[in-house]
Asks: 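If you scroll down you'll find the structure; I have some questions about it.
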Amino acid sequence: MPRRKTVDHTAPLWVEAGEPTEAVLVSVAPVAPIDKLYTYTVEEDAEDRVLPGRRVMVPFGRKGRLAPAIVVSVTRGPWNSTLKPIAEILEEAGSLSDHLIDLGKWISDYYYCPLGRTLAAMVPEAVRKKRGFKTVRHARLLADAETIANARLGQKQKQVIAVLQENESPIEVGTLLEKADASRATLRGLIDKRWVEETQSREAVSYEPVQAAKLTPAYSINDAQQKSLNRIESGIAEAAFKAFLLYGVSGSGKTEVYIRAMQRVVDSGQQAIMLVPEIALTAQLMKRVAERFDRVAVIHSGLTGAQRSLAWEDIRQGKTPVVIGTRSAIFAPCPDVGLIVVDEEQEPSYKNLQSPRFHVRDVAIMRAQKLGIPIVLGSATPSLETWNNCLHRKAYERLDLPTRVMDRSMPAVKLVDMTHRSAPDKTVTISQPLQSALAETLERKQQAVVLINRRGFASWLFCPSCKSRIECRRCNAGMILHRLRKIVLCHHCHEQAPIPHRCPQMSCGGRLLTGGGGAERVEDELKQMFPTVRIMRADSDTMTHASKYTELVKSMEQGEVDILLGTQMIAKGLDFPSVALVGVIGADLAGAAGDFRASERLFQLVTQVAGRAGRAEIEGRVLVQTLSPNLPALRCSLTHDYCSFVESELAFRREQYLPPFTRMARIVISGKRESELVTDGNAIADRIRSVVEELGSEASNVRVLGPHPCVLERLRGSYRFELLLVAQSATELNKVLAAVRASGGFKSKSRSLMIDVDPVSLS
Ligand code: ADP
Ligand code: ZN
């Protein structure tokens with residue numbers, strides 16, 4: 001049981017003579033959609049337990065109803081009679097340093113999330129709850145020899161005292177009772193008499209950081225790596241904020257540069273945080289990094305509560321100099337961070353999908369800026385935001401690793417045009433050229449990777465007689481056929497139903513057609529084409545736990561898999577030397593309709609997955625099946641020409657007044673009644689427009705688009721409308737949002753409203 005402290009919270013109305021004039025002032029942020037901070041006081045003896053970041057209960061409003069809040073700061077100041085005391089200290093763990101509180105304030109302001117909620121999100125629940133620690137009790141003798149000699153004690157009590165007298169230091173209670181052959185009740189009697197004192201402490205059950213046999217690479221780094229490393233090291237030596245973009249093609253040795261830069265800060269007694277976008281990447285990276293450092297903490301969603309909590313505590317004490325992890329690792333409580341690395345900085349999965357809707361890369365940049373330390377952003381296909389920053393901002397510097405290590409060549413990429421296929425061919429997903437390439441690869445005993453961007457068996461079910469598709473009841477999205485699970489499933493709300501064979505419209509009842517192959521179907525086809533081949537499918541249906549990734553990596557490394565088939569989770573990061581062929585199925589923009597980043601994503605996806613081929617001695621090749629062979633994003637990826645792609649895409653974005661030349665905020669309102677939403681959306685749009693007008697020259701470049709229905713117009717039974725705010729700078733954008741909020745322009749009872757600053761997806 002955690003210790004709880006309850007105090008009477010009825011404060012006196014005026015100060016009587018002799019009452020304190022000074023008090024401990026605790027500023028708290030409610031864990032609720034309230035933007036204000038409130039001040040309370042706390043008894044002096046509890047001061048050391050009320051630390052910034054911890055959760056407390058405080059009386060609220062005139063009735064003094066108790067509500068949770070997070071401590072923001074603890075100071076001393078004049079006491080006054082209106083100050084109420086904190087009612088209860090809920091958690092005695094999960095404190096945040098001043099630096100992290102400050103970072104939280106920035107996130108709260110910038111991403112429009114109340115401070116209490118933001119701070120609450122920065123500490124994992126398992127940490128607050130002190131998972132992985134057990135309560136240990138110790139007993140020690142208080143009474144002196146004389147008191148004991150004069151007392152009349154029972155036999156059992158004597159035995160307990162005898163054991164305690166033998167031990168000078170406190171003894172663990174279980175051991176004590178066993179040695180004395182006494183019961184807990186006997187001990188309790190002695191404690192009640194204050195002859196014995198019992199103390200409690202929380203001790204870690206056991207914690208094993210990731211450790212691996214130490215390994216020094218046999219190679220020495222090449223010139224380009226050395227040059228980049230020199231720049232980063234000089235950044236570390238200067239101890240000032242600086243953002244390095246490490247721009248290097250896949251297999252150019254970026255990870256080696258990260259590791260050496262991290263070694264530099266660890267050698268000087270500081271810590272390094274390395275962020276990776278997905279758990280799939282951690283498995284292999286973790287091992288590579290663990291081989292090079294004494295102690296590495298890994299933070300990702302697959303950890304148990306106890307593991308997470310213990311790792312966090314270890315990090316807080318500065319015991320683990322290197323932290324690797326996905327999103328939440330950016331809040332790792334390292335006492336003295338010297339370097340932050342963000343691998344695959346362009347990844348959309350760095351964006352938090354719940355409030356606070358922060359972008360981990362941008363929070364990392366802000367953390368580095370506030371600490372005055374360098375940050376390394378690594379990518380083969382940088383985000384247009386970062387690329388553009390390198391062109392225009394002084395604090396950014398681009399470092400290039402233009403070629404693969406050991407003069408290995410980039411894989412040859414070919415497009416397979418799927419628009420001109422003959423009729424019988426159209427029923428299968430795998431084209432003739434891809435089938436032959438797979439056959440050759442398998443014959444040479446090499447491995448192949450096949451990427452398909454959809455899971456399930458068929459992505460549509462269609463009734464030809466009434467010309468309608470089978471949709472989710474609650475979303476305006478098609479149901480996806482999952483044959484292995486024998487269901488149709490909505491990928492947006494997870495609604496499922498038995499597979500229908502006839503049109504559900506009563507009057508129709510036509511026989512349904514299915515089509516649009518997903519991962520399950522490709523697996524089927526592969527099995528028919530190559531019956532003896534070992535195929536592993538990796539999508540969110542099969543990769544249900546972190547351990548599955550570890551198994552995947554192991555099976556690939558040990559050559560137990562011939563074809564690795566999967567969705568985009570296998571597109572990046574993985575480094576398997578015997579992969580000679582990569583096939584991409586269905587490379588087009590269909591999946592990202594209406595999103596201005598669709599081309600950027602397509603280029604990144606094809607380039608990334610292509611990078612899985614030919615990483616060691618074997619030459620790699622890549623076949624990309626597409627229905628849109630003329631897309632510039634695909635044409636540029638044939639020659640790995642990021643620079644041409646980015647140049648034309650930047651020109652387009654500038655012309656269209658889109659990020660990175662502008663800043664965007666997306667406001668989504670949703671509710672059950674469509675007509676109300678339209679009225680509401682228009683009212684908000686009017687409110688914003690008039691605020692923009694009032695701000696005049698301070699917001700002269702702000703555009704307001706909408707309201708219009710979202711791409712996914714209905715989700716979980718609610719209609720959704722969006723408004724887009726586009727401004728020339730973040731400052732301008734924030735001014736408008738703040739002014740609208742201050743005027744109550746976002747308030748409404750009938751619907752929910754979400755504000756997403758710097759959205760990465762417009763679905
Ligand atoms: P990236 O992160 O850019 O894709 P990696 O750091 O994973 O590239 O490097 C690719 C492979 O090359 C890894 O197996 C790594 O051990 C190896 N490697 C890295 N640097 C060198 C080097 N200078 N000489 C030889 N091999 C290297
Ligand atoms: Zn649905």
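We number each residue from 1, following the sequence as shown. Both ligands and their constituent atoms are indexed starting at 1 by order of listing.
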Asks: Side chains of Arg454 and Thr567: do they bring a donor and an acceptor to under 3.5 Å?
Replies: no
Asks: If you measure only the distance, is there a donor-acceptor pair under 3.5 Å linking the side chains of Ser752 and Ser670?
Replies: yes
Asks: Using 2.8 Å as a strict upper limit, say whether an N, O or S atom of His492 approaches the Zn ion (ligand 2) that closely.
Replies: no
Asks: Answer side chain, backbone, both or neither: which part of Thr255 comes under 4.0 Å from ligand 1, heavy atoms only.
Replies: both
Asks: Mark the output for Ser220 as yes if a heavy-atom distance to ligand 1 is under 4.0 Å, and as no if none is.
Replies: yes
Asks: Enumerate the atoms of ligand 1 whose separation from the nearest heavy atom of Ile221 is less than 4.0 angstrom.
Replies: 23 (N)
Asks: Can you tell me if Arg404 contacts ligand 1 (heavy atom of the residue under 4.0 Å from the ligand)?
Replies: no
Asks: Any heavy atom of Val249 sitting closer than 4.0 Å to ligand 1?
Replies: yes
Asks: Where is the nearest protein heavy atom to atom 23 (N) of ligand 1: which residue, which atom, and how far?
Replies: Gln225 OE1, 2.8 Å
Asks: With atoms numbered from 1 as shown, which atoms in ligand 1 lie under 4.0 angstrom from a non-hydrogen atom of Arg288?
Replies: 5 (P), 6 (O), 7 (O), 13 (C), 15 (C), 16 (O)
Asks: Can Gln446 and Ser578 be counted as having a side-chain donor-acceptor contact under 3.5 angstrom?
Replies: no
Asks: Taking NZ, NE, NH1 and NH2 as the nitrogens, is one of them in Arg231 or Glu397 under 4.0 Å from a carboxylate oxygen of the other?
Replies: yes
Asks: From His491, does some N, O or S atom reach closer than 2.8 Å to the Zn ion (ligand 2)?
Replies: no
Asks: Could you tell me the angle subtended at the Zn ion (ligand 2) by SG of Cys472 and SG of Cys475, rounded to 10°?
Replies: 110°
Asks: Should you measure from each heavy atom of Asn222, which atoms of ligand 1 turn up under 4.0 Å away?
Replies: 23 (N)
Asks: Give the ring-plane orientation class for Phe645 versus Tyr642, where under 30° counts as parallel, over 60° as perpendicular and anything between as tilted.
Replies: tilted
Asks: Relative to the heavy atoms of Lys254, which atoms of ligand 1 are at a distance of less than 4.0 Å?
Replies: 1 (P), 2 (O), 3 (O), 4 (O), 6 (O), 8 (O)
Asks: What I want to check is whether the side chains of Glu256 and Tyr219 have a donor and an acceptor closer together than 3.5 Å.
Replies: yes
Asks: Could you name the option among Tyr219, Tyr258, Phe576 that has the heavy atom nearest to atom 15 (C) of ligand 1?
Replies: Tyr219
Asks: Any atom of ligand 1 sitting under 4.0 Å from a heavy atom of Ser250?
Replies: yes
Asks: With nothing but distance in play, are any N or O atoms of Gly251 less than 3.5 Å from an N or O of ligand 1?
Replies: yes
Asks: For Glu345 and Pro382, work out which heavy atoms get closest and say how close.
Replies: OE2-CA, 3.3 Å
Asks: Please tell me whether Ser383 and Arg361 have a donor and an acceptor in their side chains that are separated by less than 3.5 angstrom.
Replies: yes
Asks: Check whether any N, O or S atom of His494 sits under 2.8 Å from the Zn ion (ligand 2).
Replies: no
Asks: Pull out every atom of ligand 1 sitting under 4.0 Å from any heavy atom of Glu256, numbered as shown with elements.
Replies: 6 (O)
Asks: Please compare Val257, Asp575, Leu401, Ile259 and report which has the shortest non-hydrogen distance to atom 13 (C) of ligand 1.
Replies: Asp575
Asks: Output yes when Arg635 and Asp641 qualify as a salt bridge under the 4.0 Å nitrogen-oxygen rule, no when they do not.
Replies: no
Asks: For the residue pair Arg483 and Phe457, would you count it as a cation-pi contact if the rule is NZ or CZ under 6.0 angstrom from the ring centre and within 45 degrees of the ring axis?
Replies: yes
Asks: Given that the side chain starts at C-beta and the backbone is N, CA, C, O, which of these parts of Met406 lies under 4.0 Å from ligand 1, counting heavy atoms, or is it both or neither?
Replies: side chain
Asks: Answer with yes or no whether the side chains of Gln226 and Asn222 bring together a donor and an acceptor at under 3.5 Å.
Replies: no
